[in-house]
Protein chains: 2
Amino acid sequence: MSNELTIGRVAKGTGCNVQTIRYYEQIGLLPLPRRSEGNQRLYDDSAVQRLSFIRHARELGFPLQAIRDLISLADRPDKSCEAADAIAREQLEDIGKRLQRLQALRSELERMVEQCKGGRIADCRVIETLGDHSLCETDDHVLPKVRP
Amino acid sequence: MSNELTIGRVAKGTGCNVQTIRYYEQIGLLPLPRRSEGNQRLYDDSAVQRLSFIRHARELGFPLQAIRDLISLADRPDKSCEAADAIAREQLEDIGKRLQRLQALRSELERMVEQCKGGRIADCRVIETLGDHSLCETDDHVLPKVRP
DNA sequence: ATACAGTCTACAGTAACTATAGGTTCAAGG
DNA sequence: CCTTGAACCTATAGTTACTGTAGACTGTAT
């Protein structure tokens, strides 16, 4: 069965909203879908998957340019190995930092929730946890490469 | 040592840029700092820490509203425990999902980089990795899919 | 046949910055 | 002191990534 879906079904299926899907098409992040007789967009499963990917990556805080890079890895398996490697490594570095900060924040929130069970919040250290610079790459706090 | 810093020093120290600091002040995310004779902002260490927190939380993809909530936890340790607990739990749930997705994506990128080392072109499954909805608990919008 | 929900394009509005213009402050060198 | 230039000030415009609205068209269920 070739499930062809309308934009509304795709939106429901991916958690994106309809306008966002059209926006992604407009900026070239999604390929132009085929249209029905009456000019309505019709999508297949690959579009649904790509859109899910974009949405999840955006939720993780990746900018659209990083997502474009990631997609290019998938779209161009014929790309030079060094180029793909460079993109993957750059993203990996960023992901490593995100993971560390998220884990630190989780620990801190877990500790708070645990204390809450006891009936009161003794001292809240969320700010300190995320205010800590120890996971930053350099001392002078250079912005990540995804933001040029 | 209660050193007073100019906005530029704070910007360097936190990795934010100067305009962003003024913007956060404008929208009430940062308290109004005291001013010098010549009307220039002067910050103390607590402002630096709060700003670092905001920056890291933003990098992790939290919207300013969630950050406001988190800050309110730190600012009012006398707040009702249920309210604080609710905010913390909500963020925790979100963080758990982010962590799983990031870890999945990292594994996939690591696998690709590993294949690259071997000199051959990796088959890329980044899209599938993050396209997967299995970590979405709000699966009611996910369309029927054949899964073993 | 007729509702009416869903889709279309085009454009305006929002969130969270980011950059620019045009002027003021301040610390360092002459 | 006086100058000079970097850093600061306010105000405003531009950017990214959406989100909402208006007014017309399509598709389907009674």
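Protein atom CD1 of B/I21 is 17 Å distant from nucleotide atom P of C/dA16, rounded to whole Å. Note: CG (B/L30) to P (C/dA16) measures 14 Å, nearest angstrom. Atom CZ of A/R9 and atom P of D/dT28 are 12 Å apart (whole Å).
Both A/L29 and A/V48 sit in one connected hydrophobic cluster of ILVMFWY residues. Membership requires side-chain heavy atoms under 4.5 Å apart, directly or through other members. The hydrophobic cluster containing B/L32 does not contain B/I27, counting ILVMFWY residues as joined when their side-chain heavy atoms lie under 4.5 angstrom apart, directly or transitively.
When all heavy atoms are compared, the tightest approach of B/G8 to B/V18 is CA-CG2, 4.1 Å. Residue A/P63 comes nearest to A/R58 through the heavy atom pair CA-NH1, 3.5 Å, listed as atom of the first residue, atom of the second, then distance.
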Contact pattern, 5' to 3', of nucleotides 9-21 of chain D - B, S or - by protein heavy atom under 4.0 Å: SB------BBSBB
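OP1 and OP2 of D/dC8 both lie 4.0 Å or more from every side-chain N or O belonging to B/S36.
A side-chain donor-acceptor contact under 3.5 Å links B/R55 to the backbone of B/T14.
The number of heavy-atom neighbours closer than 6.0 Å to CZ of B/R68, taken from other residues, nucleotides and ligands shown, is above 12.
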